Amino acid sequence: MAEKFLMRFLLDMPLFFDTNILMKRPIYLDFNATTPMDPLVLDAMLPYLKDEFGNASSNSHEYGWEASRAVSNSRKSIAEKLGALSKEIIFTSGATESNNLAILGVMHNFRNHRSHIITSEVEHKAVLDVVKSLEAWGVEVTYLKVDKYGRVSPADVGRAIKPHTRLISIMTANNEIGTINPIKEIAELAKHHGVFFHTDAAQAFGKVPLDVKNMAIDMLSISGHKIYGPKGVGVLYVRSQKPQVHLHPQQFGGGQEWGLRPGTLNVPGIVGIAKAIDLMFSNHETDSTHLLKLQKKMIETVLQKVNGSLLNGHPEERIYNNVSFSFPNLSADMFSLGLNGLAVSSGSACSSAEARPSYVLTAIGHSDALARATLRVGLGRTTTDEEVDICITKILQLSKKSQEIGH
Ligand SMILES: Cc1ncc(COP(=O)(O)O)c(C=O)c1O
């Protein structure tokens with residue numbers, strides 16, 4: 001049956017096949033996976049890849065002084081954006097490492113005590129796999145369920161807190177469905193109970209207002225490549241006062257970053273992430289207005305014109321650059337065949353029908369089949385109206401075709 005359907009579909013392929021695709025690369029609509037570097041970020045980095053190549057730890061000559069100055073200026077600039085102090089900014093290799101350092105670093109303090117962590121079922125693997133590794137050491141973990149929009153309820157967090165809860169780690173916004181969590185309320189609950197609060201803000205940072213002091217956030221992870229900065233660089237904010245967070249390093253060596261993250265500093269990367277953050281703030285008005293408009297157009301048109309289509313994630317509490325649809329009347333095979341020319345993301349780990357469906361989509365109540373029939377469209381600073389129109393048209397054509405062949 002499946003083969004018969006595929007044959008019929010392949011025979012009809014020319015209808016879908018835009019000959020321009022042979023000449024052009026697909027339209028990039030996967031900005032939740034990664035972003036291209038902003039040219040201004042590259043400009044800011046270039047001197048540190050060329051003439052200013054010094055080691056920021058070399059304190060006896062001007063090459064080192066210049067590198068060290070660049071790192072200090074970057075740290076200061078990032079701290080200001082977060083409402084933090086310079087010494088609270090630790091440079092890492094990305095959000096994965098920031099999450100590891102935050103979670104393992106705090107939990108090390110309690111290694112000889114009964115301990116409990118609260119997180120959610122829909123966190124990125126860079127949190128889930130870290131807490132899972134702690135379970136092997138006897139740490140108890142509560143994986144909170146989310147509502148149908150993928151949101152964590154502060155009341156559930158409150159109910160899950162135990163006398164030996166040490167850490168709560170809840171993402172600011174979800175990478176698959178874009179839902180924003182009520183971070184301020186959760187952080188305040190944690191503070192009230194004397195529990196540390198960490199948030200993975202890889203997807204939300206620069207899009208959602210995040211003031212670490214006013215929001216009682218103790219640790220926050222940022223990734224360079226999600227915000228038009230370079231890959232391989234990230235930030236971990238670590239509160240230094242009231243309460244001070246003591247982290248135990250996970251790597252050992254030259255003592256850089258107050259011994260928390262030793263290793264020669266990635267000066268071009270650090271300058272790049274600082275510039276990228278700067279641009280996220282200075283472009284915020286323009287980016288959010290532009291992308292909210294495109295997001296609204298895509299959501300409204302598809303929901304209205306594709307029978308049965310569902311928007312995943314919260315309708316309002318979502319980051320401005322994420323759209324995720326599930327199509328109960330389409331099969332995952334149709335996507336791989338019908339959306340050529342678009343670089344978008346599907347609801348399973350790979351495009352094969354055998355691949356495991358996304359745990360985020362099953363956590364919001366989707367069946368395996370519906371989770372597979374899911375498309376994530378990530379919009380970006382450079383996305384045009386025309387690109388969104390092409391994407392919408394392709395989705396509509398696909399749905400029409402699917403109806404015609406009675407799938
Ligand atoms: C929510 C979230 N956390 C963590 C990560 C990992 O970030 P990085 O690639 O900087 O290690 C990602 C990236 O996919 C993400 O979306």
Side-chain angles (χ1 to χ4, degrees), residues 28-37 41 78 89-104 119-133 143-144 146 150-152 168-181 183 186 198-208 210 217 219-237 250-251 261 263 266 269-270 272-274 276-277 280 312-314 317-324 343-350 358-361 363-364 376-380:
Y28 189 76
L29 288 170
D30 205 8
F31 285 82
N32 297 115
T34 195
T35 58
M37 244 179 14
V41 171
I78 296 170
I89 302 299
I90 311 292
F91 291 111
T92 65
S93 65
T96 300
E97 189 187 337
S98 297
N99 291 346
N100 272 266
L101 180 57
I103 298 169
L104 300 176
T119 188
S120 82
E121 283 186 348
V122 300
E123 298 297 309
H124 191 275
K125 287 283 183 187
V127 164
L128 289 179
D129 285 353
V130 184
V131 297
K132 208 189 295 159
S133 79
Y143 298 91
L144 292 175
V146 290
R151 275 195 127 200
V152 173
I168 298 175
S169 180
I170 301 290
M171 69 202 322
T172 315
N174 187 272
N175 44 304
E176 291 190 35
I177 57 176
T179 295
I180 300 169
N181 274 315
I183 287 304
I186 299 172
H198 164 252
T199 189
D200 174 355
Q203 292 289 340
F205 184 75
K207 299 168 199 160
V208 172
L210 284 168
I217 295 169
M219 292 173 287
L220 178 142
S221 304
I222 304 173
S223 169
H225 73 96
K226 306 283 185 189
I227 52 171
Y228 311 93
K231 292 177 177 58
V233 63
V235 164
L236 177 65
Y237 156 77
Q250 299 306 305
Q251 286 160 245
R261 205 283 186 167
N266 169 8
I270 289 169
I273 194 171
I277 290 174
M280 284 305 281
N312 298 312
H314 201 281
E317 294 299 321
R318 69 184 305 130
I319 44 174
Y320 58 64
N321 76 328
N322 170 286
V323 180
S324 170
V344 289
S345 184
S346 75
S348 48
C350 76
S358 138
Y359 60 88
V360 173
L361 297 169
I364 60 169
R376 178 184 72 177
V377 182
L379 308 169

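Both counts, for ligands and for their atoms, begin at 1 and track the order of listing. Keep in mind that this is a model prediction, so the values were computed, not measured.
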Undergrad: Could you pull out every protein residue that has a heavy atom closer than 4.0 Å to ligand 1, ordered by chain and then number?
TA: Gly94, Ala95, Thr96, His124, Met171, Asn175, Asp200, Ala202, Gln203, Ser223, His225, Lys226
Undergrad: Say you draw a straight line from CG of Asp200 to CG of Leu236; how long is it, rounded to the nearest 0.5 Å?
TA: 10.5 Å
Undergrad: Roughly how far, to the nearest 0.5 Å, is the CZ atom of Arg151 from the CD1 atom of Ile364?
TA: 14.0 Å
Undergrad: Tell me whether Lys132 forms a cation-pi arrangement with Tyr143, defined as NZ or CZ under 6.0 Å from the six-membered ring centre and within 45 degrees of its axis.
TA: no
Undergrad: Between CG of Leu104 and CD of Glu97, what distance do you get to the nearest 0.5 Å?
TA: 11.0 Å
Undergrad: State, with a plain yes or no, whether a side-chain heavy atom of Asn32 is found less than 4.5 Å away from one of Asn175.
TA: no
Undergrad: For the CG atom of Asn99 and the NE2 atom of His198, what is their distance to the nearest 0.5 Å?
TA: 4.5 Å
